[in-house]
There are 4 protein chains.
Amino acid sequence: MPRTSEQLEKIKEQTRMKILESALELFALKGFHGSSMQEIAKKAGVSKGLAYNYFNSKEEILKEILNDAKKAGGLIMTQVFEEEDNFKQVQLLIEATFEHIAAGETYWRMFSSLMLQPNVVESFDFVDEFGTNLVELTTKMFKRMGIKNAKTEALLLDASIDGIILHYLFFKDKYPLQRVKKELIKKYSKEELLKKTDQ
Amino acid sequence: MPRTSEQLEKIKEQTRMKILESALELFALKGFHGSSMQEIAKKAGVSKGLAYNYFNSKEEILKEILNDAKKAGGLIMTQVFEEEDNFKQVQLLIEATFEHIAAGETYWRMFSSLMLQPNVVESFDFVDEFGTNLVELTTKMFKRMGIKNAKTEALLLDASIDGIILHYLFFKDKYPLQRVKKELIKKYSKEELLKKTDQ
Amino acid sequence: MPRTSEQLEKIKEQTRMKILESALELFALKGFHGSSMQEIAKKAGVSKGLAYNYFNSKEEILKEILNDAKKAGGLIMTQVFEEEDNFKQVQLLIEATFEHIAAGETYWRMFSSLMLQPNVVESFDFVDEFGTNLVELTTKMFKRMGIKNAKTEALLLDASIDGIILHYLFFKDKYPLQRVKKELIKKYSKEELLKKTDQ
Amino acid sequence: MPRTSEQLEKIKEQTRMKILESALELFALKGFHGSSMQEIAKKAGVSKGLAYNYFNSKEEILKEILNDAKKAGGLIMTQVFEEEDNFKQVQLLIEATFEHIAAGETYWRMFSSLMLQPNVVESFDFVDEFGTNLVELTTKMFKRMGIKNAKTEALLLDASIDGIILHYLFFKDKYPLQRVKKELIKKYSKEELLKKTDQ
DNA sequence: AATGAATGAGAATTCATTCAT
DNA sequence: TATGAATGAATTCTCATTCAT
């Protein structure tokens, strides 16, 4: 009789996640081509062969990582934009983004590298799918607040956020993330934002 | 013979540069491990063997790229900090950085990836060498101006600059670099900066 | 319980045949090493594990195919040589062979390939076991008819038969098997054969 | 300075041929999938890596073998059909074919297997390209002679030739190739052929 | 009896590097 | 100085076979 237990499904999902996590970590630190399936499997505690039972190729592992993350990423933005008060929304956006990054630091490391090196894997197209969304949402937010030059302000805010994250990823513990975050939040407080409106 | 040997030197230097440039471009787009010596040599229009006459290994090519760039990088900062007027210095810093990046876009692409993926090449340590400098200089500048919380302000400015660059590298032609740059300069104009001083 | 176990035997035999047939088809079209147990099991509608319950190895599957076929092959020749009239026997031989091949086309495809590539599987020795038989039987037949040079004539007839089959296997529907067969039968009619006797 | 000597070209061609010959021999005896690049390279006395300098893949080696052979095959038929006397032409055809096969026995072994197992390598299409030619030419020859049913007679002759070759490849030294060949030639002598004409 | 997860050896292919010329 | 033939280790991926359930 075949193994029917629901446990089996659970174990399979666990193994799958183990492989994905190991791959992510290695991709993040050594790059896609710098990480071998051997290493990935070993780190995940499985055999090379088994890794190929779960994924058809190294590239597919990368795609799955990006897929899984996209799902997770969508949720956060939804939460932020549920907040009704525009000014609180800005605060929330900043807070949530930093929390999100702290939680998925490894992912952002890998993702940023891939965005920077568009040809690491032929025929992957993140750029258009991603990123533009956030700017658009921030712009709308600023427009509702009556801020002049909303688009540019949005670009600047988003760039600042990503710049801080970048520096954090560069310098890790040496970077005073909390302090800079607070400063940013202060800069985008209701009081400061109102100064940018038409009156 | 001096004439001949002089020309020879020139040609040698040209070949060296050709190899470095080809490598840089490939490293930037496909990553270090994603680019082969074959490709590098071909792109440079030389044979694999000749490339090895100029550099002992692929890793050495990378090191040379980083070295050459460090030299160039130093110069710019010197120019900026020769300016006596502190407020003009800020403007200059922003302007110069963006110009610098535009000129060496490929380099920054590669460099950022390497900073993000610290284990791409074992035993490379950029992080400490680089980056901290700029923040320190900016902090000093802000202190001289009497700005409160100079260090944090410096971190924020540098993060914003790098964030903008990052977005530019991500989105290239779709990114309104000039517009954002102008906005940033405005935000750090004498007028705005004075508001941040103790009075 | 006898009823149940009887049915069980039937099912077992059916599964066994399903696996053998699937393997045969794949071996015939893609070769022994070009066909995987995975494929064989899938085509047979069973799991890899079950296939290994029936056969100890891929090689054993091949051996079983050859075994089963040898049994079937023996029968035909027996029928042919039961015919008492020598001249009718020739006709029967030709007819039966072609029918046999048409029925087991896939098998012949695989078998011929194996004969041609004697090292596909180490330590298999078909050649001697097979083939010589038919020639010997045909030779005897011709001798009984009083045909001069019976052995050579036998070799030629058998070669012609196998050549036709070969071409049929090569060209399939494009090959006018029936027409060629009829011509061959005519060439080996009583009338023609008598011309080859000593008188 | 690069190696310019014509010798280099010679050596390259020799190495290329060495690899092709080794591959052919292995493909013939063990099949395409049964022969590894490792083995091929070793047999050719070169490293695996070098074999890949000469050919992009194992499949390409096979294609080159077939290509080279097609060129050689064309020549023979040309010679045969240069003969003006139709009856001599038949004799020549038989003689030439057997000589050709004896010379390239290994090749025919491999080629026949590939024809029999059409899916060994996806997307190869020998069948249509090859084989039909010979039949057409033989048919024309017979028509010029005024032989009734020329097409069928041609098919039969060609099948007989290929059948003899097949048996020779099966049984090698045990097969009395010369004797059977002579008998075939006798069967297609001018005298016998004339009996098949309308008069 | 039946499944398919798991393994590990081995296959195809790539690539940094060396070397004869 | 310049070439690219040559190597061998490492890499991606496959597959026969085993095994827990």
Checklist entry - Which pairs count as ring-ring contact (aromatic ring centres under 6.0 Å, His included) when at least one residue sits in residues 6-34 of chain A, sequence neighbours excluded? => result A:Phe27-A:Phe32
Next on the checklist: In whole Å, I'd like the distance from the CD1 atom of D:Ile11 to the P atom of F:dA6.
Outcome noted: 8 Å
Next on the checklist: Short of 4.0 Å, heavy atom to strand atom, which residues of residues 19-50 of chain B count as contacting DNA chain F?
Outcome noted: B:Ser47, B:Lys48, B:Gly49, B:Leu50
Item to check | Atom-pair distance (CD on D:Glu9; P on F:dT3), nearest Å | outcome: 16 Å
Checklist entry - Can you check whether B:Gln7's main-chain N or O pairs, donor with acceptor, with B:Lys12's side chain at less than 3.5 Å? => result no
Item to check | Interatomic spacing from CZ in D:Phe55 to CD1 in D:Ile65 - rounded to 0.5 Å | outcome: 8.0 Å
Next on the checklist: Taking C:Lys30's backbone N and O only, do any of them form a donor-acceptor pair with C:Ser35's side chain (distance below 3.5 Å, no angle check)?
Outcome noted: no
Item to check | Any C:Arg16 side-chain heavy atom under 4.5 Å of C:Glu64 side chain | outcome: yes
Item to check | Nearest-nucleotide 5' precedence on DNA chain E, C:Thr15 against A:Ala51 | outcome: C:Thr15
Next on the checklist: Pairs counted only when both distances fall under 3.5 Å, Watson-Crick or G-U: show me the 5' to 3' dot-bracket for DNA chain F, [ ] for pseudoknotted crossings and | for other-strand partners.
Outcome noted: .||||||||||||||||||||
Checklist entry - Among C:Leu66, C:Asn56, C:Leu20, which residue meets the side-chain contact (heavy atoms from CB on, under 4.5 Å) test with C:Ile61? => result C:Leu20
Next on the checklist: Please report the distance, rounded to the nearest Å, between CZ in B:Arg16 and C1' in F:dT1.
Outcome noted: 17 Å
Checklist entry - Would you call D:Lys63 and D:Asp68 a salt bridge, using N to O less than 4.0 angstrom? => result no
Next on the checklist: Using a heavy-atom cut-off of 4.0 Å across all strands, would you classify D:Tyr54 as base, sugar-phosphate, or nothing?
Outcome noted: sugar-phosphate
Checklist outcome for this item: Heavy-atom nearest nucleotide on DNA chain F taken for D:Lys12 and for A:Lys58; more 5' hit belongs to D:Lys12
Next on the checklist: Walk me through whether A:Lys43 and A:Glu39 qualify under salt bridge (Lys or Arg N to Asp or Glu O under 4.0 Å).
Outcome noted: CA-CA 6 Å; A:Lys43 196 179 180 70; A:Glu39 283 175 296; over 6 Å; no
Checklist entry - Separation of D:Lys10 atom NZ from F:dA5 atom P, in whole Å? => result 18 Å
Next on the checklist: Check this one for me: any side-chain N or O of D:Tyr52 less than 4.0 Å away from OP1 or OP2 of E:dC15?
Outcome noted: no
Item to check | Separation of F:dT1 P from B:Glu13 CD (nearest whole Å) | outcome: 14 Å
Checklist outcome for this item: Between CG of A:Leu8 and P of F:dT21 the distance, given in whole Å, is 10 Å
Checklist entry - Taking 4.0 angstrom as the limit, do A:Glu105 and A:Arg109 come out as a salt bridge? => result yes
Next on the checklist: Taking donor-acceptor contacts at under 3.5 Å, does the side chain of A:Asn53 reach the base of E:dA6?
Outcome noted: yes
